[in-house]
Student: 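Have a look at this one.
These numbers come from a predicted model, not from an experiment. The analysis underlying the following values was restricted to heavy atoms, covering all of them including side chains, and did not include hydrogens, waters or symmetry mates.
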Amino acid sequence: MSDSFDNSSRKNKKILVQVGMLITFVFFLGIIFISSIFMLTNTHTYLKEKQKSISADLNAASHAIDIQLWKDEFSFIESHIDEIKNVDRSNKDEFDSTDFLDYENLSEEERIYVCSFLYYYYSEVFESEIQDNAFDYSHAFIMDISDKNRGFVFYNVEGNKLDEYSLGRKWDYDIDDHPAARKILKGDDTAFENWKNPTNNVNYYVGYVALDEEHDWVLCLSYDWSYMRSRIFNNTLILVAVLIVTSLLFQCFVILFFLRKKVISPLTEVKSGLRDYMENKDSDEVVQKMTEIKSDNEIGVLANDISQLAVEIDDYMNENIKLASEKQRVQSELNFASQIQDSTLIKDFNINDKIEVWASMTPAKEVGGDLYDIFMIDDDHVGMCIADVSGKGVPASLVMMSVTTAIRSLSLTGSGCSDILSKLNDIIKNRDLSNMFVTVWIGILNLKTGLLTTSNGGHEYPAIYHGDQFVLFKDRHGLVVGGYLGTKYPEETLQLKPGDIIFVYTDGVAEAQNSSEEFYGCDRLLLALNHVIEKNKEAGPEDIINGVTEDMDRFVLDAEQFDDTTMLCVKYLG
């Protein structure tokens with residue numbers, strides 16, 4: 001289910017990326033398309049408004065120019081332009097208007113003289129009218145376009161300044177390249193065109209207005225197209241900027257809406273579900289809430305994982321409760337077993353007035369596999385033993401109690417130490433205690449004579465004090481008890497004198513370790529025993545065991561106890 005969900009999520013992510021790329025492409029394509037449409041529309045609108053402005057300027061200026069009255073003079077001026085422009089009027093500053101009225105009867109020389117005054121007079125009138133009525137133009141012309149392939153420029157103003165160079169210039173051009181001029185010749189009063197000046201390669205927008213009824217003479221105003229185009233382009237840039245900002249705001253709105261719907265709202269629901277679960281610990285409720293989160297992205301995966309986690313936490317907590325209950329039950333049973341084991345160990349060491357006894361046992365766990373015992377066999381003999389059952393815990397403690405009972409029973413039959421261990425060996429082996437075995441040291445002391453008979457089944461050497469210091473009594477060892485059927489054990493005898501002490505212990509004493517994994521060892525044990533005697537020659541078994549215990553504690557410190565530690569000390573008083 002999780003794999004299919006992940007695959008679906010990855011598929012959805014891929015689709016979302018593709019859709020996002022497509023939307024972005026369409027968005028930019030739309031901006032280009034809209035910008036192009038706007039630029040065309042803006043250009044059309046701008047030119048339409050510009051045409052109205054140019055038409056108003058043309059009409060205002062054309063009203064001051066009565067070309068019908070000037071046509072004869074203009075024709076003469078056109079054919080004699082060089083003579084007219086070269087007339088020196090400084091010495092002929094008198095001008096008789098009657099000559100103008102009788103223009104037809106004037107000689108050619110007089111006509112040149114009159115037309116020179118008219119030419120400059122008309123120029124001043126035209127210049128004044130253009131400057132008063134037209135704005136932002138680049139050039140102003142009065143031109144004769146009656147001939148298809150040439151135009152006669154009567155007057156040219158460039159940037160509000162008279163262009164004397166082009167006065168009277170014959171301008172060669174093909175009327176077919178000038179749609180506005182062609183429209184005027186066909187009868188339109190006003191026309192417009194885009195025109196590129198071949199001299200400087202500058203584009204102009206030109207307006208024409210007819211000045212006469214024949215539409216031969218026109219007034220032209222030209223405007224630099226690059227300036228107009230920059231205005232249109234700037235307006236387009238403003239629109240594109242507005243569109244981009246609007247689009248970005250819209251995208252931000254869409255993204256915020258998407259985040260709120262797909263991320264923030266689901267996360268809020270996830271947070272609410274987690275908070276409720278932390279308060280109520282109800283996995284069914286949080287699973288229900290997480291199921292209601294309809295999201296196919298990582299939030300959905302998170303909600304699904306939280307549902308599974310809540311269920312697993314509940315299962316884990318229930319299991320922990322069961323384990324805690326079981327652990328408590330086992331602990332209670334172990335405590336009870338420890339109490340039973342402790343009750344089986346002898347606590348009253350007032351066995352006989354001819355001996356002084358003390359013992360201690362510290363299990364590594366709640367219950368241990370070590371044992372010690374000392375008991376009267378008859379009025380003259382006392383039995384003592386110490387043993388270590390292999391393993392730890394409850395099984396070892398059960399075997400330990402069985403061994404204690406068996407040793408007492410066998411001792412009371414009058415058997416010697418060797419026979420006791422041989423019979424105990426067969427009993428343990430026949431019971432098939434899962435390969436468990438026991439190391440045992442047993443001794444029988446004759447209270448009248450002080451003769452100690454011992455037998456050792458794989459146990460530690462006892463320490464003997466004979467009035468000077470403790471030494472190890474290296475008796476002969478037999479096999480561990482419970483190893484093989486029919487095993488025989490050697491027997492040793494030792495004559496004790498009043499004041500002599502026997503100290504027996506389990507391997508948990510000699511093999512105690514500190515944090516550096518060093519063993520306590522028999523050498524340190526003998527030093528500790530002799531140190532107690534050196535301090536107090538009259539030290540009893542209790543003083544001796546307490547001294548050894550304190551020395552072991554100083555050696556081990558905080559290191560963990562790995563084995564049961566058991567000690568038994570008996571002092572023969574005689």
Student: Are the side chain of S455 and the backbone of P490 linked by a donor-acceptor contact shorter than 3.5 Å?
Tutor: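 Checked: pair present.
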Student: Applying side-chain contact (heavy atoms from CB on, under 4.5 Å) to T549 and M567, what does each step give before you reach the verdict?
Tutor: CA-CA 9 Å; T549 301; M567 292 175 276; 3.3 Å; yes
Student: Give a yes-or-no answer on whether the side chains of N514 and Y520 include a donor-acceptor pair shorter than 3.5 Å.
Tutor: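 No, Y520 and N514 have no side-chain donor paired with an acceptor closer than 3.5 Å.
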Student: Can you sort out the partners of D500 under side-chain contact (heavy atoms from CB on, under 4.5 Å), two or more places apart, ordered by chain and number?
Tutor: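 Listed in chain order: H466, L496, K497.
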Student: So, the side chain of Y505 versus the backbone of Y461: is there a donor-acceptor pair under 3.5 Å, distance only?
Tutor: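 Checking the backbone N and O of Y461 against the side chain of Y505, a donor-acceptor pair under 3.5 Å is found.
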Student: Please determine which of I502, N446, V570 meets the side chain to side chain contact (heavy atoms under 4.5 Å, CB included) test together with L452.
Tutor: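 Option passing the side chain to side chain contact (heavy atoms under 4.5 Å, CB included) with L452: I502.
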Student: If every non-hydrogen atom of S360 is compared with every non-hydrogen atom of I545, which pair is closest and at what distance?
Tutor: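 Between these two residues, the closest heavy atoms are OG-CG2, 3.6 Å.
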Student: Quick check against the 3.5 Å criterion: does S422 have a side-chain atom that pairs as donor or acceptor with the backbone of T487?
Tutor: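 Answer holds: yes.
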Student: Locate the shortest heavy-atom distance separating I420 from S411; write the atom from each residue and the value.
Tutor: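 Minimum heavy-atom separation between I420 and S411: CD1-OG, 3.4 Å.
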Student: Start with the C-alpha distance between Y572 and I501, add both sets of side-chain angles, then the distance that settles side-chain contact (heavy atoms from CB on, under 4.5 Å), and finish with yes or no.
Tutor: CA-CA 6 Å; Y572 178 60; I501 303 172; over 6 Å; no
Student: V389 and F437: side-chain contact (heavy atoms from CB on, under 4.5 Å), yes or no, with the steps?
Tutor: CA-CA 6 Å; V389 180; F437 58 86; over 6 Å; no
Student: Does K423 pair with D426 as a salt bridge, N-O distance under 4.0 Å?
Tutor: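 Here K423 does not pair with D426 in a salt bridge, since their nearest N and O are not under 4.0 Å apart.
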Student: Could you please spell out the steps behind the side-chain contact (heavy atoms from CB on, under 4.5 Å) verdict for L371 and T566?
Tutor: CA-CA 7 Å; L371 68 89; T566 304; over 6 Å; no
Student: Mind running salt bridge (charged side-chain N to carboxylate O under 4.0 Å, His left out) on D551 and R524 for me, showing each step along the way?
Tutor: CA-CA 9 Å; D551 189 66; R524 283 192 179 89; over 6 Å; no
Student: To the nearest 0.5 Å, how far apart are SG in C569 and CZ in F503?
Tutor: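 It comes to 6.5 Å.
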Student: Does the side chain of F375 reach to within under 4.5 Å of the side chain of V382, using non-hydrogen atoms?
Tutor: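 Contact flag for F375/V382 side chains = no.
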Student: Other residues, nucleotides and ligands only: do more than 12 of their heavy atoms fall within 6.0 Å of CG on D523?
Tutor: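 Atom CG in D523 is not packed in, count stays at 12 or less.
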Student: Can you see whether T506 engages D370 through a side-chain donor-acceptor pair at a distance of less than 3.5 angstrom?
Tutor: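 D370 and T506 do have a side-chain donor-acceptor pair below 3.5 Å.
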Student: Just by distance, with hydrogens left out, do H459 and N456 show a side-chain donor and acceptor under 3.5 Å apart?
Tutor: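 The answer is no; no qualifying pair exists.
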Student: If you compare all heavy atoms of F473 against all heavy atoms of L494, which two are closest, and at what distance to 0.1 Å?
Tutor: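 Heavy atoms of F473 and L494 come nearest at CE1-CD1, 4.3 Å.
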Student: Heavy-atom count check: over 12 atoms from other residues, nucleotides or ligands less than 6.0 Å from D468 CG?
Tutor: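 Counting other residues, nucleotides and ligands, CG of D468 exceeds 12 neighbours.
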Student: Roughly how far, to the nearest 0.5 Å, is the OG1 atom of T454 from the CE atom of M384?
Tutor: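 If I round to the nearest 0.5 Å, the distance is 10.5 Å.
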